[in-house]
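The analysis underlying the following values was restricted to heavy atoms, covering all of them including side chains, and did not include hydrogens, waters or symmetry mates. Letters A, B, ... mirror the listed sequences (proteins, then strands); counts begin at 1. Given the structure is predicted, the values throughout are model-derived calculations rather than measurements.
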Amino acid sequence: MTALLLAALLWPLCVALYVVRQMFRPPEARRFFSLGWLSAAWPALLLAFIGEGAWEWQAWLLGGQWALDTLARAWLGFTALLWSLAALHARGYFKREAARARLGDDGESGKLLRFTLFWPLTFLGNAFLILSRDVASFYLGFALMTFAAYALVLHEQSGAAKRGAHAYIVLAVIGEALILGGLLWAAGSGEMTTLEGVREAIAAAPQGVWMALLLWLGFGVKAGVIGLHVWLPLAHPVAPAPASAVLSGAMIKAGLLGWLALLPLGVEGLAPAFSTLGEVMLVAGFAAAFGAAFYGVGQRHPKAVLAYSSISQMGMMTALVAVGLLDATLWPALLPGIALFAGHHALAKGALFLGTSVSEHMPRLPTALLWIVLALPALSLTGAFGAGVISKYSVKHVLEEGAHHHIVLLLTWAAVGTTALVSVCLWRQWQDRDTGDSDAWQLAGWALAILAALTVPWWLPLPQESVHVPALKSLKSLVWPLPAGVALVVIGVVLARALSAPTLPAGDLWWPYQKGAGWLVALCKGVAQRSKRVKRSSVARALVLERRAMARLNQALEGERWLRRHGSGLMMALAVVLALLLIWEGSQ
Amino acid sequence: MNMAWLPLAALSVSLFAAIAIFSLPETARPARTVINLAAAACKVALVVLMVWRVSQGFEDTFSFQIIGGIDFVLRADALGVMFAGLSSILWLCTTVYAIGYLEGAANRKRFFGFFSLCVTSTLGIALAGNLFTFLIFYEMLTLSTYPLVAHAGTPKALAAGRVYLRYTLSAGVVLLLGVVLLYSLTGDQSFASEQGLDRYLSDHRGLLTFIFALLVGGLAVKAAIVPLHGWLPRAMVAPAPVSALLHAVAVVKAGAFGILRIIYDLYGIELSVELGVTTWLAAMAAFTILYGSLRAMAQAELKPRLAFSTISQVSYIVLGACVVGPFGTIGALAHLLHQGLMKVTLFFCAGSYAEELGIHRIDEMNGAGRRMPLTSIAFTLSALGMVGLPPTAGFITKWYLGIGAIEARMLWVVAVLVLSSVLNALYFLPIIYRLWFCQGPAHGVGEWPSEQRLGRFETHGWLLWPAVFTTTVGLLAGLLAGLPFSPLDWATRVAVGEYLP
């Protein structure tokens with residue numbers, strides 16, 4: 001079965017090579033989105049469902065280890081499925097561009113080649129990090145995914161796309177740096193290179209909490225921790241819909257997986273500082289959950305609204321992860337719930353992002369039916385319908401058992417925010433709707449994603465005991481946020497119309513950050529200018545000194561030359577003086 | 001069994017090549033090419049043999065007495081063979097590249113003659129068995145590189161050569177002073193003195209520190225440690241293969257290698273720590289790393305940016321040597337090789353861009369990835385290696401340096417490494433962005449500064465394949481770092497020898 005594991009990792013690479021071969025063909029003969037390209041994630045999907053296997057290779061980097069444990073299986077399951085469905089969708093999404101490219105549009109052809117090349121590479125990184133059991137491979141997968149996804153975000157190359165990609169890469173570099181710092185520190189203090197070993201080292205080290213903080217923030221860039229989340233609302237609206245879907249569905253979950261793999265969650269007897277970190281994470285998580293909801297409802301672009309929804313949802317997951325630091329005994333029961341929560345969010349959010357392109361090219365279906373289907377993943381995400389009910393309940397149930405009532409309450413309130421966000425998103429989609437030019441592949445990818453999202457608990461290879469079906473009486477607490485959120489949005493829209501409030505710019509904190517960075521750069525430039533001036537003047541002064549010293553030396557040499565020239569005369573004079581002295585002495 | 005001829009043969013191959021090239025007329029191009037390549041290949045073979053001998057536990061030594069008490073010693077030990085291996089492989093690549101680069105240029109006889117002499121001296125530095133031999137080859141390196149730096153003969157090149165000589169010759173005097181002082185103290189100038197310098201510690205503590213400062217200060221000029229780095233960016237006027245060799249193996253590395261010899265073999269790690277000199281040196285190296293990166297960011301031209309990047313990267317080696325512990329040593333030694341492979345590639349690529357498209361400035365590089373894909377892939381991978389991203393070789397060294405710093409309880413070193421990664425990303429990622437994501441002349445926007453179609457491929461094959469080869473080796477050195485005889489494996493072997501005698 002190791003063969004399947006290898007195939008899952010090597011096949012995306014083969015697909016990428018296939019795309020490279022396309023580059024050497026004339027533009028008319030290039031084939032984009034062929035069956036081979038669509039299949040990039042299929043071996044990984046197969047692996048998640050039927051595969052087994054672990055593999056070690058000492059020669060690889062610092063010693064490579066890959067394995068498929070229960071958590072990795074669930075993660076790989078939803079990740080590979082989402083990538084596969086988004087690829088199907090992409091085939092339809094880029095139909096017009098591909099047609100133009102085939103007619104010989106060189107620019108379009110180049111852009112598509114780049115997209116199709118970096119797509120399997122990004123997936124490779126994503127799958128690689130899920131399967132890795134050693135730090136170097138994990139970091140490699142994470143870096144490959146992060147940097148390859150840059151090309152997906154930049155695809156359109158418009159001004160907005162460049163800005164979004166810029167924000168993405170700046171934050172990504174900061175994140176990579178934080179992760180590198182945390183990993184070096186933890187691996188160095190424990191002398192371990194496996195993920196498990198590093199986790200234990202963090203738990204045992206005296207300064208473990210600082211390592212954990214670095215890793216939390218480093219992976220938090222991907223997972224949209226508040227303050228580091230600014231790339232999401234800038235990058236998502238500009239990326240093509242399938243890229244947004246995998247970015248928000250699969251890739252930000254890689255940040256969450258990083259936390260689960262490396263933070264000492266559910267470890268008994270941790271230093272008290274870890275509880276403080278847990279509290280900070282809890283606060284940051286709920287701040288993101290509510291703050292993103294408040295800011296997101298004021299967005300104009302439906303995908304920006306969805307990006308804020310992702311920040312909000314990841315905030316909830318941050319809070320759940322924080323419980324692992326605060327209440328170690330509860331963690332084994334909570335972890336499977338988080339896996340389900342993440343899987344459900346991945347597919348529902350993926351379906352919503354794919355839906356934004358469907359509403360721009362609506363097929364010839366009854367309008368009501370189409371919009372009901374478009375709303376299905378949104379309903380599920382609020383926790384009032386389909387798999388959403390179960391995924392919300394599965395974590396709440398465990399938290400109730402652990403007597404964390406305030407967290408449950410906050411999660412329920414956050415669901416109001418989720419409802420508000422997805423309602424605004426659907427409303428904005430309605431405003432931007434357009435008919436015609438729909439494509440079967442595009443619809444198929446989207447519809448299958450919805451189907452998968454609504455039925456997550458029944459097919460995802462989850463760890464044991466992750467699914468808890470709610471009793472009828474607890475349904476009420478799960479469902480009430482839906483009407484509440486919708487009502488809030490309606491009131492808000494009416495109010496905003498009345499007050500003619502402006503929409504908020506996407507990217508909130510990015511703009512002050514940019515200003516701050518600008519000041520910092522200006523400051524550095526000023527310092528550099530000044531030190532340059534100081535250096536130049538000191539060099540000038542040193543040269544003057546040197547010249548003066550050389551002049552003195554030359555003078556001395558002149559003196560020597562004079563001595564040499566008049567040597568014989570001087571000698572004579574000396575001899576005369578000596579003779580006179582002798583005579584004088586003799587006469588004494 | 002001592003195969004004394006082996007180090008001598010490895011050294012004299014390129015010396016004879018130099019003599020043969022000087023005795024041939026300028027027009028004898030085919031003969032010169034054959035001699036160059038045959039000598040380079042021969043040298044690689046000899047060095048491979050040496051590597052095998054060292055791995056079998058032999059230490060081939062060649063020595064003869066010059067005058068009483070002063071010996072000329074060539075010794076093939078693990079550390080020396082490591083540097084010799086790097087220089088011989090990169091010499092082969094650079095020779096191939098230089099033949100392509102100087103196609104049709106003037107003064108090729110002079111160039112290749114001094115080029116061979118330069119490599120002879122590098123190998124001599126690698127195999128030098130005592131300070132005296134080291135000093136001879138070190139000075140010979142200075143003199144044999146001057147004609148290469150000033151090769152173009154333009155006023156700018158001559159000025160750069162003059163600055164180079166001023167820096168390196170005065171450094172040589174300082175180094176000589178240190179060697180003489182040490183000799184007057186101990187009466188012995190071998191690296192691996194069994195007694196060590198420990199016995200002078202109690203009486204001559206101040207003098208030992210002073211000698212260390214003189215020796216390392218003399219070497220630091222070639223290793224381009226701030227503030228003694230001024231010659232390096234100016235020497236950028238040299239032809240691309242010279243810059244490649246200067247930055248990857250010959251001059252800069254010779255300085256770094258000398259510092260490694262001083263710390264590991266002459267003083268020994270324990271004594272260096274006892275004297276407290278490693279902390280100072282580490283601080284200087286850290287400052288150099290950050291300063292070099294900051295200055296690199298401000299450069300608008302490609303080669304000067306790479307030059308400041310070298311200043312920054314070579315100090316990793318010095319920093320690793322100052323981080324006490326096996327991991328820091330492994331990181332330092334592995335970086336000696338890894339940085340060589342990556343930097344030589346970057347300079348090959350910069351030279352190819354300049355020759356094929358006339359690109360010198362970074363803002364002229366838009367869309368060059370489409371016009372010269374293989375060169376640009378090589379450049380991209382090496383630049384990512386400089387940033388320290390896996391799976392490149394740069395990641396491996398950064399990892400070991402970081403782990404070593406944690407073990408030595410020098411947390412600030414990790415901060416420097418991470419900060420340096422960010423700075424490297426800041427000045428390399430924009431270049432990569434321009435190469436691949438910007439619209440340029442290859443997309444019909446604007447024109448290349450001066451385009452030539454040098455060969456059947458994207459450029460002359462002799463310019464392309466060395467870069468492809470060094471990139472591949474650099475990538476494999478990271479990807480399969482765990483294989484026997486990989487740079488990491490060899491560095492581990494040397495480090496184990498240092499720490500577990």
Side-chain angles (χ1 to χ4, degrees), chain A residues 20 23-24 57-64 106-107 110 114 118 135-144 146-147 150-151 154-155 157 162 165-166 169-170 172-174 176-193 205 207 210-211 214 524-525 528 532 535 539, chain B residues 227 230 294-295 297-298 325 327 367 369-370 373 384 387-392 395-396 398-409 411 413-415 417-426 429-430 432-433 436-439 442-445 476 478-484 486 488-489:
Chain A
V20 170
M23 289 180 188
F24 295 99
W57 191 21
Q58 278 309 312
W60 178 265
L61 292 175
L62 309 167
D106 206 32
R114 193 158 64 207
F118 281 98
V135 177
S137 303
F138 187 85
Y139 189 57
L140 165 61
F142 202 84
L144 176 61
T146 302
F147 288 103
Y150 176 75
L154 188 66
H155 176 76
Q157 295 209 303
K162 281 179 186 162
H166 182 65
I169 200 79
V170 168
V173 167
I174 293 173
E176 295 286 324
L178 290 169
I179 294 171
L180 180 68
L183 284 181
L184 281 177
W185 196 353
S189 64
E191 286 193 35
M192 296 296 273
T193 55
Q207 294 128 333
W210 296 105
M211 306 169 194
L214 283 176
C524 289
K525 275 196 180 145
K532 206 183 218 175
K535 184 190 151 194
V539 166
Chain B
L294 285 172
R295 287 296 305 272
M297 229 181 298
F327 282 99
R370 186 177 173 133
L384 292 179
V387 178
L389 285 174
T392 55
F395 168 73
I396 302 287
K398 202 156 273 185
W399 183 267
Y400 272 87
L401 288 176
I403 301 282
I406 296 290
E407 284 203 323
R409 302 191 185 284
L411 202 56
V413 169
V414 178
L417 290 177
V418 170
L419 196 59
S420 160
S421 286
V422 172
L423 292 175
N424 271 280
L426 276 180
L429 290 185
I432 297 174
Y433 173 76
W436 299 107
F437 295 102
C438 276
Q439 303 273 314
H443 306 82
V445 183
L476 289 181
L479 209 55
L480 303 177
L483 280 184
S486 74
L488 181 67
D489 178 64

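Proximity to chain A (any heavy atom under 4.5 Å) is shown, for B/Arg409, by neither the backbone nor the side chain. Only the side chain of B/Ile396 comes within contact range of chain A, judged by heavy atoms closer than 4.5 Å. There is no contact between B/Leu401 and chain A, counting heavy-atom distances below 4.5 Å. Contact annotation for B/Leu411: only side-chain heavy atoms (C-beta onward) come within less than 4.5 Å of a heavy atom of chain A. Heavy-atom distances place both the backbone and the side chain of A/Leu183 under 4.5 Å from chain B. The part of A/Phe147 that comes within reach of chain B is its side chain, from C-beta onward, which places non-hydrogen atoms under 4.5 angstrom from that chain. Looking at A/Ala528, neither its backbone nor its side chain comes within 4.5 Å of chain B, counting heavy atoms on both sides. Of the atoms belonging to B/Leu480, heavy atoms from both backbone and side chain fall under 4.5 Å from chain A. With a threshold of 4.5 angstrom between heavy atoms, B/Ile406 approaches chain A through side-chain atoms but not through N, CA, C or O. Within the 4.5 angstrom heavy-atom criterion, only side-chain atoms of A/Glu191, from C-beta onward, approach chain B.
In this structure, the side chains of A/Val135 and B/Trp399 come closer than 4.5 Å at one or more pairs of heavy atoms. You'll find the side chain of A/His166 stays beyond 4.5 Å of the side chain of B/Tyr433, heavy atoms only. Here the side chains of B/Phe437 and A/Lys162 are not in contact, with every heavy-atom distance at 4.5 Å or above.
Between chain B and the options A/Ala177, A/Gly63, A/Ser137, the largest number of non-hydrogen pairs under 4.5 Å is found for A/Ala177. Annotation: maximal heavy-atom pairing with chain B below 4.5 Å, among A/Trp185, A/Tyr139, A/Trp60, occurs at A/Trp185. The residue among A/Leu62, A/Leu154, A/Leu180, A/Asp106 with the most heavy atom pairs within less than 4.5 Å of chain B is A/Leu62. Comparing B/Leu479, B/Val422, B/Leu294, B/Val414 by heavy-atom pairs within less than 4.5 Å of chain A, the highest count is held by B/Leu479. Among B/Ala415, B/Gly482, B/Gly444, the residue with the largest count of heavy-atom pairs under 4.5 Å with chain A is B/Gly482.
Under the side chain to side chain donor-acceptor pair (under 3.5 Å) criterion, B/Ser421 pairs with B/Lys398, not counting sequence neighbours. Among residues two or more places apart in sequence or in another chain, the salt bridge (Lys or Arg N to Asp or Glu O under 4.0 Å) test is passed with A/Arg114 by none.
Smallest separation of non-hydrogen atoms from A/Ala143 and B/Leu389: CB-CD2, 4.2 Å. Listed here is the closest heavy atom pair of A/Leu61 and B/Ala481: O-CB, 3.5 Å. Considering every non-hydrogen atom in both A/Gly188 and B/Ile403, the closest pair reads N-CD1, 3.5 Å. When all heavy atoms of A/Val173 and B/Ala425 are compared, the pair lying nearest together is CG1-CB, 4.0 Å.
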